[in-house]
Each structure stands twice: as structure tokens, then as C-alpha cells.
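Not measured: the values here are computed from a predicted model. Indexing begins at 1, ligand by ligand and atom by atom, following the structure's order.
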Amino acid sequence: MRVESLSVVIPCFNEAENIAALFDRLVPVLETVAENWAVLCVDDGSVDETLARLQALRRQHPGIRVIKLSRNFGKEAAISAGLAHALGAHVLIMDGDLQHPPELIPDMLKRQREGADIVYGLRRSRNTESFLRGALSRLYYGLFSRLSDVPMAPEASDFRLMSGRVVAALNALPEKTRFMKGLYAWVGFSHEPCLYEVAPRRSGASKWSLRRLCGYAWNGIVSFSVVPLRFWTVIGSGIAALSLFYAGWIGLTTLVFGREVPGYATLAVAIFFLGGLQLLSIGVLGEYIARIFTETKNRPLFIIEETHGFNDGSD
Ligand code: UDP
Ligand code: MG
């Protein structure tokens with residue numbers, strides 16, 4: 001059974017070498033599962049031939065639409081741009097490097113027809129990643145779920161099929177710091193996993209350096225949890241209580257044994273330790289204020305330079 005229409009959103013950043021191979025595999029699948037399909041490729045400020053290749057492919061497949069962003073805004077923003085333009089009851093997100101097998105789409109659609117609003121690709125294994133990265137990632141998602149009350153499967157990927165109402169809910173979220181994996185979980189609706197084997201990247205290297213990943217991970221936590229802020233209230237109260245006991249102890253020993261002059265080491269340690277704690281907690285406050293700052297500036301998530309293939313007068 002074919003669905004009436006399916007939109008596919010693909011964020012592309014320097015994927016020129018992968019685009020043609022991707023469509024070779026994707027289009028036959030789309031032809032079999034949907035009466036009408038559209039693929040929205042978001043060119044996230046690529047500096048290679050990505051745009052030219054997409055344009056060439058558009059002549060072959062009129063269902064391809066292109067949104068070119070004015071610079072590299074990051075994968076989350078690129079996905080948001082695609083979702084803002086996606087129409088219809090079934091919207092799929094996948095990577096442009098063929099790590100997400102298009103052959104899984106019929107299976108995902110079947111699960112959606114059985115009633116799930118969100119069908120997410122669940123990696124069977126993390127064989128394309130190092131052991132350390134896999135372990136860190138599991139640890140992170142465990143921590144995230146605990147801190148944020150938004151449960152998230154560690155192996156869940158951006159490869160997912162969503163119903164029109166989920167996409168509408170995501171599009172209605174005004175926040176600028178977008179941690180998509182958290183947002184998919186936050187909007188709710190019924191989720192259903194669909195297992196797949198993640199393939200190695202077809203060509204080129206992952207755009208996620210360790211630094212970028214750490215930034216992404218930290219963004220996720222502070223966008224979805226206020227526990228790092230509350231933590232300092234607990235630490236502060238703990239230290240204040242201990243100080244009271246210590247003051248009592250000093251008073252008592254002074255009364256019993258008379259005044260004691262030495263104590264230089266205790267003082268020095270206390271000053272440095274508390275100074276360090278204060279700076280750290282101010283730093284955490286700063287992280288949240290920085291996000292408030294970003295949100296209040298209210299800049300758009302992305303800027304579109306040009307679009308192709310939409311029925312709005314553009315070519
Ligand atoms: N991507 C993007 N903008 C970026 C980085 C990545 O649109 O700034 C796209 C990229 O082209 C690919 C997808 O996001 O289609 C996943 O990126 P990548 O393969 O580098 O990440 P990984 O698979 O290692 O998580
Ligand atoms: Mg990849």
C-alpha cells in the first residue's frame with residue numbers, strides 16, 4: 001500500500017560526493033512507497049559542488065527541492081529549515097551520507113500506519129564508532145534522561161519518520177537553541193523504534209569534531225535541564241551547614257583549650273576552595289544567561305539564500 005505523499009528532509013553540508021549515490025538508492029524506494037514524494041535538500045552553506053549536483057539531479061527528478069542557506073548554520077538549523085517547508089502527513093529526516101539506509105523506509109511507514117506518530121531509527125550497534133565514543137554517548141544519554149525528565153534512547157538517531165502533527169508541533173517551538181533529539185522527545189506523541197544497521201559514511205569525513213560534539217552535548221543539557229543551576233543551591237547549603245558546625249567547634253575548643261593561633265593552612269584551603277566553587281557556580285549561571293541572551297536577540301534560526309523547485313515563482 002502506498003501513502004499519498006511523503007516528504008524527505010536531508011541536511012547536506014559538503015556532500016557532493018554522496019548526493020548522486022544517495023538518490024540512486026532513495027528514488028526507487030520513494031517511487032514504490034508514495035504516490036507523490038518530495039525530497040527537501042537543505043544545503044547548509046556547502047563550499048563544494050553540492051548545490052550544482054543537486055541542481056543537475058533536479059532535472060532528472062522534479063520531486064527534488066533545494067533550500068540553500070546563506071552560510072553553515074549547523075545540522076539542527078538545517079533540519080529546522082527543512083521541516084519548516086515540509087508538507088503532508090509523513091515527513092522523514094535522513095542524513096545525506098548514506099549512513100541511513102533508504103531501504104528501511106517501507107518498514108518505517110508500516111509502523112507509522114500501525115499507529116506510531118514518530119518512528120525512529122534505532123542503531124542496532126555502533127560499529128562505525130570507536131568504543132570510547134559509544135561508551136561516552138551512552139553515559140551522556142543516561143545522564144540527559146535523568147537530568148531532564150525527557151527520556152531518550154541512546155541509540156536513537158536523527159533518522160526518523162514523523163506525522164504531520166509532530167512536524168507542526170516542532171515548527172511551533174520558538175526556541176533558538178535547538179537540540180533536536182531532545183525536542184523530538186519533548187513534543188511527546190507515540191514513539192516506535194525501527195532497528196537498522198548504520199552504514200559507514202560513504203565518502204568524506206564526519207563533520208563532528210570532538211569539540212563540536214562536546215558543545216552539542218552541553219547545549220543539550222542546559223537547554224533541557226535546570227539541575228546544573230539547582231546543584232549549586234544544594235552545594236551552597238551543604239557548605240553553609242558544615243561551616244556552622246565548624247564555627248561551633250572552634251568556639252568550643254577556644255573555650256576549653258584557650259585561643260589557638262595556628263590555622264593558616266585551614267584558612268588558605270578554605271579561601272581557595274570556596275573561591276573556586278564560587279567561580280564555577282558563576283560560570284554555570286553564565287551559561288544559562290548566555291542562552292537567555294541568544295533567545296532574547298530573537299535572530300532567525302537560519303537565513304535562506306535561495307530555493308529551487310518550490311511552486312513560488314523560483315525556478
Ligand atoms: N550536516 C549539516 N550541517 C553541518 C554538519 C552536518 O547539514 O554543519 C549534515 C551532513 O551533511 C549529513 C548530516 O548532517 O547529512 C550528518 O552529518 P555527519 O555525517 O557529519 O554526522 P555523523 O553521521 O558523524 O553524526
Ligand atoms: Mg554521517
Side-chain angles (χ1 to χ4, degrees), residues 8-26 39-54 57 64-86 91-102 104 120-134 136-138 140-141 152-160 176-184 196-217 219-220 301-305 307:
V8 182
V9 172
I10 308 180
C12 304
F13 178 46
N14 295 343
E15 301 289 5
E17 301 304 318
N18 298 323
I19 291 289
L22 170 67
F23 281 98
D24 280 349
R25 272 175 65 186
L26 181 60
V39 180
L40 288 82
C41 296
V42 184
D43 177 7
D44 187 17
S46 300
V47 289
D48 65 357
E49 298 284 290
T50 302
L51 187 64
R53 302 262 164 102
L54 284 171
L57 278 163
I64 300 179
R65 289 167 197 177
V66 182
I67 302 166
K68 179 185 180 334
L69 302 186
S70 61
R71 64 170 170 86
N72 179 243
F73 280 89
K75 182 180 176 184
E76 315 287 291
I79 290 178
S80 302
L83 290 182
H85 287 80
V91 179
L92 180 92
I93 303 176
M94 68 190 295
D95 282 359
D97 56 2
L98 276 172
Q99 286 197 280
H100 298 158
L104 196 73
Y120 60 97
L122 191 64
R123 281 172 278 211
R124 219 182 282 263
S125 61
R126 288 182 165 261
N127 50 5
T128 57
E129 283 179 2
S130 70
F131 173 76
L132 183 71
R133 199 169 147 174
L136 278 180
S137 150
R138 258 190 297 277
Y140 173 73
Y141 286 112
M152 202 178 357
E155 262 73 32
S157 59
D158 273 318
F159 187 25
R160 58 185 63 220
K176 310 290 172 194
T177 316
R178 282 183 108 77
F179 182 66
M180 292 308 289
K181 279 186 189 170
L183 295 179
Y184 301 135
Y196 75 102
E197 201 66 65
V198 57
R201 182 171 241 289
R202 187 177 172 275
S203 157
S206 168
K207 277 99 196 177
W208 296 84
S209 60
L210 189 65
R211 203 176 127 240
R212 206 167 168 181
L213 265 181
C214 289
Y216 175 76
N219 243 339
L301 266 173
F302 49 81
I303 292 174
I304 295 176
E305 188 174 321
T307 59

Y184/Y120 aromatic ring centres below 6.0 Å = no
For ligand 1, the residues whose heavy atoms come within less than 4.0 Å (ordered by chain, then number) | P11, C12, F13, E15, D44, N72, G74, K75, D95, G96, D97, Q99, R201, S206, K207, W208, R212
So, Y196 side chain and L104 main chain: donor-acceptor pair closer than 3.5 Å or not?
-> no
Scan I19, N18, L26, L22 and name whichever one has a side-chain contact (heavy atoms from CB on, under 4.5 Å) with L98.
-> L22
Expected output: side-chain D95 to main-chain D97 donor-acceptor under 3.5 Å = no
Minimal non-hydrogen separation, S70 against E305, with atom names | CA-OE1, 3.4 Å
When you measure from the side chain of T50 to the backbone N and O of A16, does any donor-acceptor pair fall under 3.5 Å?
-> yes
A correct count of protein N/O/S atoms found below 2.8 Å of the Mg ion (ligand 2) gives 2
What's the shortest heavy-atom distance between A78 and V42, and which atoms?
-> O-CG2, 3.5 Å
State, to 0.1 Å, how close H85 and A81 come at their nearest heavy-atom pair, and which atoms those are.
-> ND1-O, 3.0 Å
Of the options K181, K75, H100, which is the one that meets D158 in a side-chain hydrogen bond (donor to acceptor under 3.5 Å, both in side chains)?
-> K75
